[in-house]
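Basis for what follows: all heavy atoms, side chains included, without hydrogens, waters or symmetry-related copies. Numbered from 1 within each chain, the chains take letters A, B, ... in sequence-line order.
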Amino acid sequence: MPLPYNKRTCYCGQVGRQHIGQSVLLCGWVAIRRDHGGMVFIDLRDREGLVQLKFNPETDPKAHEAAGRLRSEYCVAVRGDVSPRPAGLENPNLATGAIEVNVREIDILSGSETPRFPVEDEINVKDETRLEYRFLDLRRPVMQKALITRHKAVKLIRDYFNENGFIEIETPFLTKSTPEGARDFLVPSRKQPGSFFALPQSPQLFKQLLMMSGFDKYMQIVRCFRDEDSRKDRQPEFTQLDVEMSFVQMDDVLNVAEGYLVRVWKEVLGVDLPRPFPRMSYQQAMAEYGIDRPDTRYDLRIKDVTAICARTDFKVFSGAVAAGGVVRCIRVPGGADMSQSEIEKADTSLQAILRGIGAGGLPYVKVAGAQGSGFGVQGLGFGVQGSAGVSPGATAVPAVPSAENTAHRAVAQPGSVGVPPAQPGSVGVAPAFKTGVAKFFSPELTAELCAATGAQPGDAIFFAADKEDAVCKYLARLREEVARRRNLIPQGKWNFLWVVDFPLLEHHAEDNRYYAVHHPFTAPMDEDVHFLDSEPLKARAKAYDVVVNGTELAGGSIRIHRDDVQSKIFKLLSLSPQEAELKFGFLLKALRHGPPPHGGFAMGVDRMVMLLNGLESLLDTFAFPKTAEGYCPLTQAPSEVDEKQLTECHVRTVLPKR
RNA sequence: GGGGCCGUAGCUCAAUUGGUUCAGAGCGCCGCCCUGUCACGGCGGAGGUUGCGGGUUCGAGCCCCGUCGGCCUCGCCA
């Protein structure tokens with residue numbers, strides 16, 4: 001009689017001491033077989049974990065004989081008695097390691113080809129192979145955990161928003177192409193020859209319409225589509241939590257978003273996030289971190305030294321300033337121990353990386369003197385300690401270690417290389433720069449730069465001189481690179497913050513027009529509305545982003561609810577009334593029918609799950625992701641279709657010329 | 001769309017300057033043996049059109065061209 005596998009008593013991973021003496025019925029997959037000729041052990045795996053099965057030829061010869069036929073990934077049902085393992089034979093590495101199941105009966109429900117790769121957490125297999133055999137890949141415990149965490153987070157979304165009065169409403173996938181933003185995925189219309197639907201990049205316009213429909217508090221967990229190249233943090237289809245609320249101010253929206261994040265971090269990770277999240281202006285983020293999604297877990301903040309560097313004879317500096325650019329720098333505490341190779345010679349040097357994103361080079365200086373003095377870093381075994389850093393009255397250099405110095409005490413670099421021996425006697429004299437562009441700094445400028453940056457002997461200072469946006473880009477990248485290389489990123493920290501005060505518009509020189517920084521429906525700050533007529537770039541938006549450890553997790557805005565303001569924005573965006581009517585006519589029409597003030601946000605669910613799972617790659621948060629080329633090795637999509645299908649939807653393909 | 005790297009056994013990789021142990025290793029797999037393993041162990045064995053197509057050469061895994069696929073990166077993308 002076959003085993004009643006539908007009467008499973010519990011999951012493999014849940015068998016424990018409480019089952020000792022009981023009979024259990026388990027279903028799962030063979031993780032491994034250890035066959036001793038006599039005794040046979042099988043690790044049986046299901047989504048909750050592993051348990052050891054024991055097959056004894058003397059007590060259960062029939063089951064033992066079947067066990068000999070088992071191979072990896074066979075699917076089986078077993079009935080057996082749970083017993084404690086003999087003393088000294090417990091396996092502390094296994095949650096179920098205190099017990100084992102003495103199998104009385106076994107049914108082999110199905111066999112398996114030899115798996116293409118082992119079904120275990122630590123594997124060294126190309127992504128492509130994992131994706132082709134995704135059903136096996138997903139059996140791995142880490143993947144099961146990742147998707148279960150995703151389920152928990154998504155369930156919490158529905159719980160939280162339901163409890164707060166939100167209504168989940170679905171919006172169309174077959175919708176209208178929108179001109180702004182990313183490239184659309186298109187779907188040909190069979191009924192309207194020559195016309196196309198677009199898959200939504202987000203339900204932005206629909207959720208605004210729902211506000212105008214009176215639904216007050218809307219949410220949706222929704223798939224979005226963008227036909228752009230994938231990256232490891234980007235997939236062509238992804239999931240957003242989409243939220244919109246009426247009769248709210250910015251703070252109300254931020255509160256709702258924070259409330260959810262605090263809850264999910266608490267319930268999934270057991271982490272208490274402090275509320276409210278700190279806020280940082282876009283201007284501060286760009287000035288100090290060079291990027292609108294600052295990672296505040298480490299310092300290395302950017303300092304503007306344009307005024308000082310403009311007075312050097314270094315043409316890169318003076319030239320950039322003369323051209324209206326800026327000179328900014330990052331001080332790396334203890335950075336004098338970085339080798340020339342690491343900074344500018346090797347293929348993977350900091351300079352090489354910056355050149356890769358368009359920088360001309362990487363000017364730098366090292367501050368001469370005892371390495372590590374002033375902030376307790378000990379290099380090369382020299383006993384120069386913090387207090388010896390700068391003796392009082394020696395120079396104009398501030399002797400007080402700044403907060404950022406303190407922040408790095410815990411992350412001193414062991415094993416520094418390529419640093420000339422420090423002379424204890426040199427501390428306390430005027431600071432001097434060495435190497436790099438040191439020769440362009442007179443003693444006076446050296447002192448000023450040290451004062452401005454808080455530089456101490458043993459530090460390194462890296463510069464970027466160019467147009468402001470370029471400098472930000474270079475130094476943001478440098479900051480991240482240095483922090484990673486020097487292990488300055490503390491683990492286990494969750495630095496949530498709101499970035500606010502975004503500009504409403506940006507100007508692109510190429511086509512000499514304005515673009516919406518967020519999107520065209522974002523409201524300007526009330527006090528900045530008048531700038532729209534005079535200096536549009538000065539207008540700030542009622543927009544906000546949630547940033548966690550340098551990752552943008554969510555973003556949103558208060559929307560324009562007056563059609564006269566909306567029309568003004570369209571005009572600034574060089575959208576003629578006719579074009580605006582053609583593209584967004586339905587929204588403008590709705591805006592003429594009593595729209596409520598409203599705003600909301602959207603959150604990247606996949607990214608959130610990646611963070612919650614501590615993963616590096618988005619791939620592991622999707623059950624069935626695509627490769628960087630947008631290909632699915634499992635289903636082999638996309639694929640060609642029958643000529644008949646093309647004819648039916650009035651499409652002819654024109655392949656690129658070879 | 002641009003640039004770079006890569007493709008050899010089921011998996012991960014090696015193979016000097018193009019040459020005579022150049023088709024190899026580890027893991028996995030198959031068979032036999034093994035009663036306390038949990039990285040089980042021992043002995044033996046099978047397994048490759050070097051992604052595909054073309055070219056250069058006396059000779060190509062290696063060099064050249066094309067193509068397919070993968071990864072990284074810039075652009076693009078909130």
Quantified in whole Å, what is the [atom1] atom distance between nucleotide [N] and nucleotide [M]?
N: B:G31; M: B:G47; atom1: C1'; answer: 15 Å
N: B:C5; M: B:U50; atom1: P; answer: 24 Å
N: B:G61; M: B:A23; atom1: P; answer: 10 Å
N: B:U17; M: B:G59; atom1: C1'; answer: 15 Å
N: B:G54; M: B:G70; atom1: C1'; answer: 23 Å
N: B:G42; M: B:G4; atom1: C1'; answer: 48 Å
N: B:G75; M: B:G3; atom1: C1'; answer: 11 Å

Measure up the A:F502 and A:Y282 rings against each other and bin them: parallel (under 30°), tilted (30 to 60°), perpendicular (over 60°).
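Tilted.
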
Considering heavy-atom distances to RNA chain B, does A:D35 or A:K126 have its closest nucleotide positioned more toward the 5' end?
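In this pair, the answer is A:K126.
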
On RNA chain B, does the nearest nucleotide to A:N124 precede the nearest nucleotide to A:L89 from the 5' side, or the other way round? Give the residue.
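Result: A:N124.
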
Nearest whole angstrom, please: distance from the [atom2] of [N] to the [atom1] of [X].
X: A:Y133; N: B:G10; atom1: OH; atom2: P; answer: 10 Å
X: A:E90; N: B:U37; atom1: CD; atom2: C1'; answer: 14 Å
X: A:D43; N: B:U37; atom1: CG; atom2: P; answer: 14 Å
X: A:D121; N: B:C38; atom1: CG; atom2: P; answer: 19 Å
X: A:R69; N: B:G31; atom1: CZ; atom2: C1'; answer: 17 Å
X: A:R33; N: B:U37; atom1: CZ; atom2: C1'; answer: 13 Å
X: A:M39; N: B:C38; atom1: CE; atom2: P; answer: 14 Å
X: A:E73; N: B:C11; atom1: CD; atom2: C1'; answer: 15 Å

Kindly confirm or rule out a cation-pi arrangement of A:R140 over A:F117, judged by NZ or CZ under 6.0 Å from the six-membered ring centre and within 45° of its axis?
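A:R140 over A:F117 ring: no.
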
So, is the end of the A:R513 side chain (NZ or CZ) under 6.0 Å from the ring centre of A:Y515 and within 45° of the ring's axis?
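Yes.
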
Go through the steps to decide whether A:F584 and A:F570 satisfy the test ring pair (Phe, Tyr, Trp, His ring centres under 6.0 Å), and finish with yes or no.
CA-CA 10 Å; A:F584 308 116; A:F570 282 154; 5.3 Å; yes

Is A:E128 touching bases, backbone alone, or none of the nucleic acid, heavy atoms closer than 4.0 Å?
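Sugar-phosphate contact only - A:E128 comes under 4.0 Å of backbone atoms but never of a base.
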
Base, sugar-phosphate or nothing for A:I32? Non-hydrogen atoms, less than 4.0 Å.
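Contact class for A:I32: sugar-phosphate only.
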
Using only side-chain N and O atoms of [X], determine if any of them is under 4.0 Å from OP1 or OP2 of [N].
X: A:R34; N: B:C38; value: no
X: A:R116; N: B:G28; value: no
X: A:T114; N: B:G10; value: no
X: A:K54; N: B:G36; value: no

Identify the two heavy atoms, one from A:A554 and one from A:F601, that lie closest to each other, and give their separation to 0.1 Å.
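Taking every non-hydrogen atom into account, CB-CD1, 4.4 Å.
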
Restricting to non-hydrogen atoms, name the atom on A:W494 and the atom on A:L611 that form the minimum distance, rounded to 0.1 Å.
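That closest heavy-atom pairing would be CH2-O, 3.2 Å.
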
Between A:F41 and B:U37, do the rings stack, that is, sit under 5.5 Å apart with planes less than 30° off each other?
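It does: the two rings, one from A:F41 and one from B:U37, meet the stacking criterion.
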
[X] and [Y]: side chain donor to acceptor below 3.5 Å:
X: A:Q52; Y: A:R34; result: yes
X: A:Q220; Y: A:Y218; result: yes
X: A:R47; Y: A:Y11; result: yes
X: A:D606; Y: A:T621; result: no

Donor-acceptor pair under 3.5 Å: do we get one between A:N91's side chain and the base of B:C38?
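In this structure, the two groups form a donor-acceptor pair.
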
Is any side-chain N or O of A:E100 under 3.5 Å from a base N or O of B:G36, one able to act as donor and the other as acceptor?
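Donor-acceptor pair under 3.5 Å: yes.
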
Any strand: nucleotide that pairs with B:C34 via Watson-Crick or wobble, under 3.5 Å:
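No nucleotide pairs with B:C34.
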
Counting only Watson-Crick pairs (N1-N3 plus N6-O4 or O6-N4) and G-U wobbles (N1-O2, O6-N3), all under 3.5 Å, who is the partner of B:C22?
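Here B:C22 is not engaged in any pair, so there is no nucleotide opposite it.
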
Ring pair (Phe, Tyr, Trp, His ring centres under 6.0 Å) between A:F197 and A:F173: does it pass, once the steps are laid out?
CA-CA 9 Å; A:F197 294 105; A:F173 276 9; over 10 Å; no

Base, backbone or nothing for each nucleotide of nucleotides 72-78 of chain B, written B, S, -, heavy atoms under 4.0 angstrom, 5' to 3'?
SSBBBBB

Protein heavy-atom contacts under 4.0 Å, written 5' to 3' over nucleotides 42-52 of chain B as B (base), S (sugar-phosphate only) or - (none), form the string -----------

Would you say A:F41 and A:R33 make side-chain contact, with heavy atoms under 4.5 Å?
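No, their side chains stay 4.5 Å or more apart.
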
